[in-house]
Student: 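Could you have a look at this structure, given as structure tokens, before my questions?
Note that the structure is a prediction, hence the values are computed from the model and not measured. For the numbers below, each heavy atom of this structure counts, side chains included, while hydrogens, waters and symmetry mates do not. Throughout, protein chains are lettered first and strands after them, A, B, ... in sequence-line order, and every chain is numbered starting at 1.
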There are 2 protein chains.
Amino acid sequence: MLNDLELAAGDVQGGGKMELRLWLRLLSTTKLISQELRRRLRIEFNVTLPQFDVLAQLHREPDGLRLGDLSQRTMVTNGNITGLVERLETDGLLVRERLREDRRVTVARLTEHGRSEFERMAHAHESWLKELMRDMDPEVLTSLFSHVSEIKHAALTRFAATDELDGALD
Amino acid sequence: MLNDLELAAGDVQGGGKMELRLWLRLLSTTKLISQELRRRLRIEFNVTLPQFDVLAQLHREPDGLRLGDLSQRTMVTNGNITGLVERLETDGLLVRERLREDRRVTVARLTEHGRSEFERMAHAHESWLKELMRDMDPEVLTSLFSHVSEIKHAALTRFAATDELDGALD
DNA sequence: CTTAATTATTTTAAGTTTAAAGTAATTTGA
DNA sequence: TCAAATTACTTTAAACTTAAAATAATTAAG
């Protein structure tokens, strides 16, 4: 049994629940920032965050992507991609077409309008992030990137034991 | 106009788009971990992640919380708290009651069953996180916590200019 | 005192999310 | 060949999310 001193020392700092505290901080921080980015994307460009994410993935692939690949890259389930792409097609930002050689496959590709709209969005989106992190030491950003990557890697290896997580490398 | 060398030096490392890269890494990492925690909470305890979050907040307040406070602390909108609390009441994990002195106010409070169930969940939840971060250097965890907090603080101050973000201190 | 403003919560509509079941096309293997 | 398995996508149901409108209770102001 631990005495008062050990309990206090363990909880106040260091060993105690740092993993939990860090996780809660990561979660609340990304939630906070996501909410604001979502708000701005809606107000300025009338798109949702997942829609922006889909557009971003398609923008790097001028020939388009299969819905399955899109699903992996955005970490959005297959079932969800269907509706997302449907709405974006309705808005004229992308087109869908069936592959002739394998008619199970649907490829989504940005329209010219979608491409130019996304480029406007991406520019604003990046500048919001730059502004947000304006006062952060560049070395801190680099170190954060590398340490967060370490956690991501741990999640991929430890959690992958159960599932089959292949993609999601970004 | 920048020459090739400057362009290359700028993009490959350091200045370029580190803010964007860090943000995408933070987002994909929290999404990945959330997905697995959600999966395990569902399988082992039959609760969702937002429900777990509500229970966690109520667990620290034996006298219960107003729905508005619950909304702030969980960063869940008012409208959403209604349904969440409704389902948790149906499952017998909490009770709602109207305040006599101000009948606009509803207070939610854990039942005895809710309290003991949450404690089981919290124990498992914490051990999953410890396991996930097993190989991380404790100093890295501490440094991550402090740097992520810096970003959170920046978001609260920069974004608060527009909105009125008071709570969300955790 | 009584209407107007404010506060707390609920409702609504559109969209996203997960998990699971369903459909269609293609590939495999007996 | 042709039934069974696999693959790609869609559909479904329940829950969550946001933003905005609606309801109800209290407080404030004239």
Student: What's the separation between atom OG1 in B/Thr82 and atom CD in B/Glu86, rounded to the nearest 0.5 Å?
Tutor: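 Atom-to-atom, B/Thr82:OG1 and B/Glu86:CD are 7.0 Å apart.
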Student: Counting heavy atoms not belonging to B/Arg100, are there more than 12 under 6.0 Å from its CZ?
Tutor: no
Student: Do A/Arg109 and A/Glu97 sit within salt-bridge range, that is, some charged N less than 4.0 Å from a carboxylate O?
Tutor: yes
Student: Is the shortest side-chain N/O distance from B/Arg66 to OP1 or OP2 of C/dA8 below 4.0 Å?
Tutor: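 Yes, within the criterion.
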Student: Strictly under 3.5 Å: I want the nitrogen or oxygen pairs between protein and nucleotides 17-19 of chain D, one per line.
Tutor:
residue : atom : partner : partner atom : Å
D/dT17  : OP2  : B/Asn80 : ND2          : 2.4
D/dT17  : O5'  : B/Asn80 : ND2          : 3.3
D/dT18  : OP1  : A/Gln35 : NE2          : 3.1

Student: Rounded to whole Å, please give me the gap between CZ in B/Arg98 and C1' in C/dT7.
Tutor: 12 Å
Student: Using 4.0 Å as the upper bound for N to carboxylate O, is an ion pair formed by A/Glu61 and A/Arg73?
Tutor: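 Looking at A/Arg73 and A/Glu61, the cut-off is met.
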Student: Would you mind reading off the distance between A/Glu89 atom CD and D/dT10 atom C1', rounded to a whole angstrom?
Tutor: 15 Å
Student: Which heavy atom of B/Leu132 sits nearest a heavy atom of A/Ala154, and at what distance?
Tutor: O-CB, 3.5 Å
Student: Rounded to whole angstrom units, what separation is found between the CG atom of A/Leu41 and the P atom of C/dG15?
Tutor: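 Rounded to the whole Å, the gap is 16 Å.
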Student: Can you check whether A/Phe118 and A/Phe52 have ring centres sitting under 6.0 Å from each other?
Tutor: yes
Student: Any chain of hydrophobic side-chain contacts (each under 4.5 Å) joining B/Leu27 to A/Ile33?
Tutor: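 Same cluster.
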Student: Tell me: CD of A/Gln51 to P of C/dG15, nearest whole Å?
Tutor: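 Whole-Å distance recorded here is 8 Å.
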Student: When you check the gap from the basic side-chain N to the acidic O, do B/Asp135 and A/Arg158 get nearer than 4.0 Å?
Tutor: yes
Student: Nearest whole Å is fine: how far is C/dA19 C1' from B/Leu49 CG?
Tutor: 16 Å
Student: Between C/dA8 atom C1' and B/Leu65 atom CG, what is the distance in whole Å?
Tutor: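 My rounded result for the distance is 15 Å.
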Student: Listed in order of residue number, which residues of residues 99-110 of chain B have a non-hydrogen atom at under 4.0 Å from DNA chain C?
Tutor: B/Arg104, B/Val105, B/Thr106
Student: Within this structure, what is the CZ-to-C1' distance between B/Arg96 and C/dA8, rounded to whole angstrom?
Tutor: 14 Å
Student: Can you tell me how far apart OG (B/Ser34) and NZ (A/Lys31) are? Round to the nearest 0.5 Å.
Tutor: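 NZ of A/Lys31 is found 9.5 Å from OG of B/Ser34.
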Student: Tell me the interatomic distance from B/Asn78, atom CG, to D/dA22, atom P, rounded to whole angstroms.
Tutor: 17 Å
